[in-house]
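Here the structure is a predicted model, which is why all the values come from computation and not from measurement.
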Amino acid sequence: MSIHPTAVVSDGAVIGAGVEIGPFVYVGPNVKIGDGCRLLAHCVVDGHTTMGERNIVHPFATLGGPAQDHAVEEGAVTYLEIGSGNVFREGFTAHTGTKPGTRTVIGNHCLFMAQSHVAHNCQIGDNVIFVNSACAGGYSQVFSNAILSGLVAIHQFCRVGRFVMISGCSAFSLDVPPFMIAEGRNGGVKTINRVGLSRAGFSAEAINNIKNLYKIYYRSGLNATQALEKIKQELPQAPEVVEFLDFCANTQKGIIAPNREGRRS
């Protein structure tokens, strides 16, 4: 363990083996830092925050601050849970939950670039990338392997499915289903994330299934109910097809439409 003499590590903080804490870092009294983490100069880890192993927190990032929400009760205990192998770049922020006992959760091996933000009560999967200034509003979900490009904004309570790619400067207040590329201000789905799926090792058969469900849902001219029924009837019930159907079935905000303004719910 290496703690710079100018760092403040509060009594009660639990610091794992091999942790590096740099100059002018602040660690709060209810923080738990896993083995091998690196807290670089001028970052803050506070609140009831638990961090796994081998995370890197860059200067001026703040983890575990209180939610930016009027619903926060003074003195309530809320949580931020972080997995292992994540990188939090300069100026990143992640907040704890709002209601007592609630939590914000970040998975493993994510990259959060400079000035990006994860709001209260979010659920972030594994291998997610937030490019500079991307943000996820309260209670939103970003599933594993999704990429939010620069300046992307996800509205509260929205969901972004697995292996989604969202183009820069986009904003969504509707759910973006898995495996798709989306862009604009609720501008719609453009196509499937073929490159991302291939790089992740999806088989040609799985990619073909995804391409076919995209054509039915987004290019057949059917309404959402008709399109989902057609997918059920005509496509094999492979894991990727079932995942898409389940995601659509569980929407609360509505599913983003084709590459034009609109909503499918």
Asn86 side chain to His109 main-chain N or O, any donor-acceptor pair under 3.5 Å? yes
Is it true that atom CD of Glu205 has more than 12 heavy atoms of other residues, nucleotides or ligands lying nearer than 6.0 Å? no
Can you tell which of Thr96, Asn121, Thr78 makes a side-chain hydrogen bond (donor to acceptor under 3.5 Å, both in side chains) with Thr102? Asn121
Quiz question: by atom type and distance under 3.5 Å, do the side chains of Thr98 and Tyr139 form a donor-acceptor pair? yes
Going by the angle between their ring planes, with limits at 30° and 60°, are Phe163 and Phe202 parallel, tilted or perpendicular? perpendicular
Identified side chain to side chain contact (heavy atoms under 4.5 Å, CB included) counterpart of Tyr217 within the set Asn212, Leu222, Ile255: Ile255
Heavy-atom check, side chain of Phe172 versus side chain of Ile256, under 4.5 Å: yes
Quick one: are the ring centres of Phe60 and Phe92 less than 6.0 Å apart? no
Parallel, tilted or perpendicular for Phe143 and Phe247, by the 30°/60° rule? perpendicular
Are Asn186 and Ser173 close enough that a side-chain donor and a side-chain acceptor fall under 3.5 Å? yes
Do Gln115 and Asn132 meet the criterion of a side-chain donor-acceptor pair at a distance under 3.5 Å? no
Testing the 3.5 Å rule here: is there a donor-acceptor pair between the side chains of Thr93 and His117? yes
The test is side-chain contact (heavy atoms from CB on, under 4.5 Å); show your working for Ile166 and Ser149 and say whether it passes. CA-CA 6 Å; Ile166 298 182; Ser149 300; 5.7 Å; no
Quick one: does any side-chain atom of Ser203 pair with a main-chain N or O of Ala206 as donor and acceptor, under 3.5 Å? yes
With a 4.5 Å cut-off on side-chain heavy atoms, are Asn145 and Val128 touching? no
Non-hydrogen side-chain atoms of Leu148 and Ile129 separated by less than 4.5 Å: no
Check side-chain hydrogen bond (donor to acceptor under 3.5 Å, both in side chains) between Lys232 and all other residues, then give those that pass, not counting sequence neighbours. none
